[in-house]
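Below, each value reflects all heavy atoms present in this structure, side chains not excepted, and no hydrogens, waters or symmetry copies. Quick note on labels: first sequence line is chain A, next is B, and so on, each numbered from 1.
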Amino acid sequence: MALSYDDVVARYEPSLGLEVHVELNTETKMFCGCATVFGAPPNTQTCPVCLGMPGALPMVNEKAIESTIRIGLALNCAITPKSRFARKNYFYPDMPKNFQISQYDEPICTNGYLDVEVETDEGAKTFRIEIERVHMEEDTGKSLHVGGATGRIHGAEYSLLDYNRAGIPLVEIVTKVVSSTGKYAPEVAKAYVKELRDILRSLGVSDVKMEQGSLRCDANVSLAPIGSGKLGTRSETKNVNSLRSVERAVRGEMIRHAGLLDKGERVVQETRHFQEDTGATRSGRSKEQAEDYRYFPEPDLTPVAPDATWIEKLRSELPEKPSVRRARLQALWQVPDKEMAAMVNAGAVDLVEETVALGADPTKARGWWLGEISRLANEAEVELSSVSISPKEVARIVELIGAGELTDKLARQVVAAVIAGEGDPDSVIAAKGIKVVSDESSLIAAIEKAIADQPETAEKVRNGHLPAAGALIGAVMKETKGQADAARVRELLLGQLGQA
Amino acid sequence: MAGKSRISRDEVARIAALARITLGDDELTHLAGQIDGILDAVAVVQEAAGTDVPAMSHPLEISNVTRPDLIRPSLTPEEALSGAPASEESRFRVPQILGEEA
Ligand SMILES: [Zn+2]
């Protein structure tokens with residue numbers, strides 16, 4: 001029987017190590033001028049350098065160095081005065097050279113940290129994740145395994161290689177061992193990758209799309225009995241390609257390790273692959289046996305020695321940290337903690353900020369993005385930012401409501417129509433003939449009808465029981481097909497019943 | 001130096017396994033001796049540099065040789081694949097990859 005997570009964390013202390021690979025969004029590859037367009041036809045973005053042809057010489061992309069230094073600075077790292085590239089040798093067809101150019105003992109950035117916030121039983125708590133290193137390398141080609149089952153290597157008859165991705169600048173960000181998270185290890189891991197993604201996005205150095213592989217996470221997990229003061233044997237889970245999967249992979253590995261340790265078995269140090277469908281991991285190659293990269297300094301490249309003045313210039317130009325920005329906006333908009341967290345989780349902060357910048361009231365802007373638009377996004381199973389309504393359109397809708405030209409109910413119809421691609425708010429309103437009923441004589445007729453239909457309810461209101469008015473207002477709104485302004489209906493109704 | 005074995009048959013077997021090369025028993029023995037010979041020849045260079053000479057990874061004392069992030073023409077897929085022993089669907093075709101999972 002599978003152990004429960006609570007049982008695992010009651011007896012074992014987890015340690016984490018997270019390796020994040022991020023593809024930079026440079027125009028060209030790390031060591032050659034080939035383009036880096038995602039999804040280009042196979043082998044249309046290759047040249048003698050990235051195909052590893054004899055005599056071809058690599059040359060470093062200066063934008064990639066700049067982006068890596070900016071990442072290091074944003075993660076509070078020291079920038080190495082003189083760092084070097086190294087060859088990581090391995091025999092595998094995803095690199096045509098039989099080695100990958102990487103950095104080994106002299107990475108460009110070292111010793112940083114990133115603070116992440118996680119909701120705990122005692123409220124929000126900050127965990128400091130220490131960064132061991134940030135280094136530059138090149139991405140590998142893409143293999144397609146033919147024959148056998150479902151594109152897996154196992155049982156494949158042969159493989160087909162596309163080297164468009166080979167040589168795209170890749171930055172690897174490695175944490176030190178993260179301990180003292182206790183039961184929050186899965187949440188801390190997720191919060192770290194999320195915060196890192198937000199920072200990378202704010203720096204504009206990568207598309208950070210986990211589903212397209214431009215941001216990938218490997219999670220090292222180990223367990224030791226609580227109080228033992230030891231580190232257990234770790235497993236490394238690769239293929240973790242969404243934030244939710246980071247959390248699931250860490251939790252799943254903790255439970256798997258505990259099961260082995262409980263039975264007195266040992267955890268094998270190995271690479272495992274995360275299975276998106278089941279949330280479980282399966283064994284890959286055993287590290288102890290396979291890993292022998294025979295690193296040595298890359299003789300075709302000179303050291304990278306960034307100028308101190310340049311580093312300081314890059315530091316001074318760093319964008320506002322996402323966490324600082326969130327705190328500033330929260331204070332500015334006067335949003336309670338919980339709702340701010342909801343906004344962050346929904347990925348709504350940028351959208352609300354843009355909507356507010358276009359003149360909308362922050363509370364109303366937030367209400368629309370987190371309310372109706374989020375609901376429609378959930379229904380369509382897409383990210384909020386992928387819904388086809390712009391901050392400009394939301395700001396216009398808020399403006400129309402403020403001017404009394406739309407009720408909330410009518411506005412919801414407009415939002416749905418805009419998302420359905422029927423045009424911008426003004427053309428939707430024109431096309432559908434949506435307008436607030438402001439002809440008071442027809443409103444009064446509807447109110448009189450409601451009072452006649454529900455004499456007992458009307459009597460309650462007359463006797464001062466105001467909540468009963470809701471049923472009558474509802475009837476009027478129904479009669480006017482939602483086109484009336486509810487506030488005005490209430491005003492008129494209470495006037496009719498002597499309660500104004 | 002000569003005669004003293006620097007590399008064992010086991011090590012040759014391991015490197016061969018990493019490189020996916022199958023070697024027979026006699027080949028292992030033969031290559032272990034040959035690689036020894038190569039290492040001996042290279043070792044002469046080590047005698048030239050004293051402990052006062054710092055290790056270097058590049059013959060020139062220069063750094064920061066970079067290029068701007070500007071796209072240059074790539075090869076066509078036909079050109080890229082022209083030297084490949086086998087190709088299919090504009091991709092390089094390679095033999096099955098044994099003993100590993102991706
Ligand atoms: Zn190239």
Leading residue by heavy atom contact count with chain B [cutoff under 4.5 Å; candidates [options]]:
options	answer
A:P41, A:P42, A:A35	A:P42
A:C32, A:A86, A:A64	A:C32
A:G141, A:P306, A:P299	A:P299

Given that the side chain runs from C-beta out, which part of [X] has a heavy atom under 4.5 Å from chain B: side chain, backbone, both or neither?
X	result
A:L160	both
A:K29	backbone
A:F31	backbone

Point-to-point distance, once rounded to the nearest 0.5 Å, from [atom1] of [X] to [atom2] of [Y]:
X	Y	atom1	atom2	answer
A:L144	B:E89	CG	CD	7.0 Å
A:L301	B:T66	CG	OG1	11.0 Å
B:E78	A:N43	CD	CG	10.0 Å

- Message: To check you understand the geometry: which heavy-atom pair defines the closest contact between A:M30 and B:R67, and what is its length?
- Response: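 Minimum heavy-atom contact is O-NH1, 3.4 Å.
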- Query: What are the two closest non-hydrogen atoms of B:N64 and A:A305, and how far apart are they?
  - Reply: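 For B:N64 and A:A305, the tightest heavy-atom pair comes out as OD1-N, 2.7 Å.
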Is any side-chain heavy atom of [Y] closer than 4.5 Å to one of [X]?
X	Y	answer
A:T44	B:P77	yes
B:L75	A:P48	yes
B:P68	A:K63	no

- Query: What part of B:T76 lies closer than 4.5 angstrom to a heavy atom of chain A: side chain, backbone, both or neither?
  - Reply: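 The answer is the backbone of B:T76.
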- Task: Let me know if B:L70 has heavy atoms under 4.5 Å from chain A in its side chain, its backbone, both or neither.
- Result: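 Backbone only.
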- Above 12 or not: heavy atoms from other molecules or residues under 6.0 Å from OH of A:Y90?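 Buried by this count: over 12 neighbours within 6.0 Å.
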- Task: Inspect the surroundings of CD in A:E211 and state if more than 12 heavy atoms from other residues, nucleotides or ligands are less than 6.0 Å away.
- Result: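 Yes.
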- Message: Determine whether A:T46 and B:F92 satisfy the following criterion, side-chain contact (heavy atoms from CB on, under 4.5 Å), listing intermediate values before the conclusion.
- Response: CA-CA 12 Å; A:T46 68; B:F92 293 82; 5.9 Å; no
- Residue pair A:C47, B:R72: steps toward the side-chain contact (heavy atoms from CB on, under 4.5 Å) verdict: CA-CA 9 Å; A:C47 73; B:R72 295 178 57 102; over 6 Å; no
- Query: Quick one: which of A:T36, A:T26, A:N61 gives a side-chain hydrogen bond (donor to acceptor under 3.5 Å, both in side chains) with B:D69?
  - Reply: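 The side-chain hydrogen bond (donor to acceptor under 3.5 Å, both in side chains) with B:D69 is passed solely by A:N61 among A:T36, A:T26, A:N61.
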